[in-house]
Amino acid sequence: MQAKYQKAKMNSFIEELRWRGMLQDMTPEIDDHLNKGMAAAYLGFDPTADSLHIGHLVGVMTLLHFQRAGHKPYALVGGATGMIGDPSFKSAERNLLDKATLDHNVSCIQNQLSKFLDFSTDSSNKAELVNNYDWMSQFSFLDFIRDVGKHITVNYMMAKDSVKRRLEEGSGLSFTEFSYQLIQGYDFYHLWKNKNCTVQLGGSDQWGNIVTGTELIRRMGGGSAYALTVPLITKADGSKFGKTESGSVWLDPEKTSPYAFYQFWLNVSDEDASKYIRIFTTLDRETIENLEMSHQEAPHLRLLQHEIAKQVTTMVHSEADYLIAQKASQILFGKSSTEDLATLDERTFLQVFDGVPQVKINKTQFEEIETVLDLFGEMTQGVIFSSKGEARKLIQGGGLSINKEKQTDPNGAFTSQLLQGKYLLVQKGKKNYFIVEVTA
RNA sequence: GGGGGAAUACCAAAGCGGCCAACUGGGACGGACUGUAAAUCCGUUGACUUAUGUCUUCACAGGUUCGAAUCCUGUUUCCCCCA
């Protein structure tokens with residue numbers, strides 16, 4: 001009875017990915033293999049920055065589903081491969097990072113990963129973190145060339161799409177990047193040999209590298225291993241997923257505030273929402289399908305977006321951060337008043353307006369302000385408006401608010417009070433915010 | 001090398017010597033509407049303490065004229081045709 005249940009559960013991994021639209025490709029006998037019992041799989045993360053961004057979340061979710069199906073996930077952070085640079089679908093040779101930066105990045109990323117998977121010591125399928133620098137750094141070049149390089153032909157390596165493309169474009173490819181697939185392939189072999197890791201998961205751009213790994217395992221160890229890839233995330237309008245005007249959406253709250261993170265998901269388009277809720281949340285199929293039906297009935301409520309934003313923000317940050325972000329969003333975008341704005345504490349206020357342009361003025365200047373327009377003269381040095389005329393026009397057009405209060409008369413008396421005793425929130429149009437900080 | 005044409009605001013593109021800070025379209029920004037969306041409608045788009053006012057602008061430098069984006073001369077750049 002127990003065995004039967006286990007079996008159904010194991011198999012569910014592929015089924016799970018399939019209905020979530022997270023299955024791009026897999027090697028033939030993988031489902032039989034997973035049905036036999038607990039298997040181990042790994043998925044690699046490139047330490048190109050000191051934080052993961054939401055693109056990496058797809059890999060994280062893949063590992064998470066794998067673990068939930070009763071298997072053992074390894075999250076590999078590429079301390080060694082990061083030194084080489086993966087040429088897959090990159091148009092140009094990459095810059096190399098120095099060792100110190102890489103070390104820093106590796107530890108930051110490991111730290112982030114530890115949040116998502118179950119690393120507790122009592123379960124047999126607990127997640128583990130590995131770093132390929134641990135085994136690659138001791139490998140001498142001669143040994144590597146003899147023991148690994150001998151098993152794979154250059155013809156085979158050049159046939160890979162990722163390499164072929166670079167050769168055809170004529171942009172060239174250094175030997176360093178060319179050898180990347182061998183290193184990654186060897187990682188797979190190493191984990192297979194020492195950790196009984198038989199599956200490698202990855203984005204569809206990793207297919208070539210993963211297959212080099214299964215090939216190495218076959219030739220060097222006479223064993224079999226499997227590959228499974230997930231599709232690259234796309235957006236309905238064709239633009240790149242995971243980018244905003246201000247750059248990548250990071251998981252590190254220092255780089256992308258929880259509020260901005262929450263906003264990113266809230267602003268997902270209707271076309272993408274169904275896809276993303278399957279990929280980025282662990283909600284079950286029934287719940288998602290019900291939400292979709294409700295969404296179709298009342299699209300303006302954007303239930304899907306709200307749910308994605310809630311789930312993902314809570315998972316990546318915390319419930320408290322989610323609640324703050326939600327409250328801040330209501331204040332900023334709902335019908336709110338100066339009083340609502342004043343209820344935000346300073347920390348939240350600064351978090352919400354993280355990255356918003358700021359101008360400092362001193363107390364004397366502040367006291368000299370008589371009309372609304374005075375604030376936008378030399379005092380704020382063209383940060384908010386390039387000229388007073390521009391400010392005047394916008395005010396007359398009804399597009400300026402201070403502390404959420406619409407200003408309609410440029411020459412009217414300036415009556416706004418400071419928030420937290422030192423801030424003024426200037427809103428130019430709907431989404432352009434500026435903070436004026438009054439210093440002592 | 002010879003001949004012809006063009007240079008106007010973010011882009012495109014109008015512009016009888018006075019009524020030109022310069023038609024119009026796009027873009028951008030703002031407002032209304034809305035779902036922090038799309039579509040639509042409206043407004044702004046040289047600067048100035050908003051004034052039916054002043055100043056600086058139509059490749060650059062000069063000139064004609066009471067008055068020049070508009071006419072003349074030179075310079076630069078671009079396009080086309082002939083070699």
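Naming: A, B, ... by sequence-line order, numbering from 1 per chain.
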Quick one: [X] [atom1] to [N] [atom2], roughly how many Å, whole number?
{"X": "A:His300", "N": "B:U34", "atom1": "NE2", "atom2": "P", "answer": "11 Å"}
{"X": "A:Lys431", "N": "B:C29", "atom1": "NZ", "atom2": "P", "answer": "11 Å"}
{"X": "A:His295", "N": "B:G35", "atom1": "NE2", "atom2": "C1'", "answer": "9 Å"}
{"X": "A:Asp409", "N": "B:U50", "atom1": "CG", "atom2": "P", "answer": "12 Å"}
{"X": "A:Glu390", "N": "B:U49", "atom1": "CD", "atom2": "P", "answer": "13 Å"}
{"X": "A:Lys393", "N": "B:U45", "atom1": "NZ", "atom2": "C1'", "answer": "7 Å"}
{"X": "A:Ile395", "N": "B:U49", "atom1": "CD1", "atom2": "P", "answer": "13 Å"}
{"X": "A:Ile384", "N": "B:C29", "atom1": "CD1", "atom2": "C1'", "answer": "16 Å"}

At under 4.0 Å between heavy atoms, what does [X] touch on the DNA or RNA strands: base, sugar-phosphate, or nothing?
{"X": "A:Asn411", "result": "nothing"}
{"X": "A:Ser329", "result": "base"}
{"X": "A:Gln396", "result": "nothing"}
{"X": "A:Leu332", "result": "nothing"}

Can you check whether [X] and [Y] have ring centres sitting under 6.0 Å from each other?
{"X": "A:Phe188", "Y": "A:Tyr42", "answer": "yes"}
{"X": "A:Tyr322", "Y": "A:His317", "answer": "no"}
{"X": "A:Tyr276", "Y": "A:Phe241", "answer": "yes"}

Whole-Å [atom1] distance, [N] and [M]:
{"N": "B:C72", "M": "B:G18", "atom1": "P", "value": "15 Å"}
{"N": "B:U36", "M": "B:U49", "atom1": "C1'", "value": "36 Å"}
{"N": "B:G27", "M": "B:C33", "atom1": "P", "value": "23 Å"}
{"N": "B:A59", "M": "B:U65", "atom1": "C1'", "value": "23 Å"}
{"N": "B:A21", "M": "B:C58", "atom1": "C1'", "value": "10 Å"}
{"N": "B:G62", "M": "B:G26", "atom1": "C1'", "value": "37 Å"}
{"N": "B:G17", "M": "B:U70", "atom1": "P", "value": "11 Å"}
{"N": "B:U8", "M": "B:A14", "atom1": "C1'", "value": "10 Å"}

Phosphate-side-chain proximity, [X] and [N], N/O vs OP1/OP2 below 4.0 Å:
{"X": "A:Arg302", "N": "B:G35", "answer": "no"}
{"X": "A:Asn267", "N": "B:G35", "answer": "no"}
{"X": "A:Lys430", "N": "B:C33", "answer": "no"}
{"X": "A:Ser387", "N": "B:G46", "answer": "no"}

Exercise for review: Identify the heavy atoms of A:Thr338 and A:Asn403 that sit nearest to each other, and give their distance.
Suggested key: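 Smallest interatomic distance, heavy atoms only, reads OG1-O, 3.0 Å.
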Exercise for review: Could you work out which one of B:G30, B:G31, B:U50 sits closest to the side chain of A:Leu394?
Suggested key: B:G30
Exercise for review: Report the nucleotide, chosen from B:U36, B:U49, B:G30, that has the shortest atom-to-atom distance to any side-chain atom of A:Gln263.
Suggested key: B:U36
Exercise for review: Determine the stems involving RNA chain B; a stem requires 3 or more consecutive pairs of the Watson-Crick or G-U wobble kind, each with both distances below 3.5 Å, and the answer is none if no such run exists.
Suggested key: B:1-7 with B:76-82, B:10-12 with B:24-26, B:27-32 with B:40-45, B:46-48 with B:53-55, B:59-63 with B:71-75
**Study point:** Salt bridge flag under 4.0 Å for residues A:Glu15 and A:Arg18
**Key:**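 Yes, charged N to carboxylate O under 4.0 Å.
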Check your understanding: Is A:Arg20 paired with A:Glu16 through a side-chain N to carboxylate O contact shorter than 4.0 Å?
Key -> yes
**Study point:** 5'-most by nearest nucleotide on RNA chain B - A:Gly398 or A:Ser269
**Key:** A:Gly398
**Study point:** First of A:Pro299 and A:Gly397 reached from the 5' end of RNA chain B, by closest nucleotide
**Key:** A:Gly397
Check your understanding: Between A:Tyr133 and A:Thr81, is any pair of side-chain heavy atoms under 4.5 Å apart?
Key ->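 Sidechains of A:Thr81 and A:Tyr133: no contact.
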Review point. With side chains defined as the heavy atoms from C-beta onward, is the minimum distance between A:Leu97 and A:Asn105 less than 4.5 Å?
Key: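 They are in side-chain contact.
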Check your understanding: Quick one: which of A:Gln184, A:Gln181, A:Gln200 gives a side-chain hydrogen bond (donor to acceptor under 3.5 Å, both in side chains) with A:Gln206?
Key ->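 Among A:Gln184, A:Gln181, A:Gln200, the one meeting side-chain hydrogen bond (donor to acceptor under 3.5 Å, both in side chains) with A:Gln206 is A:Gln184.
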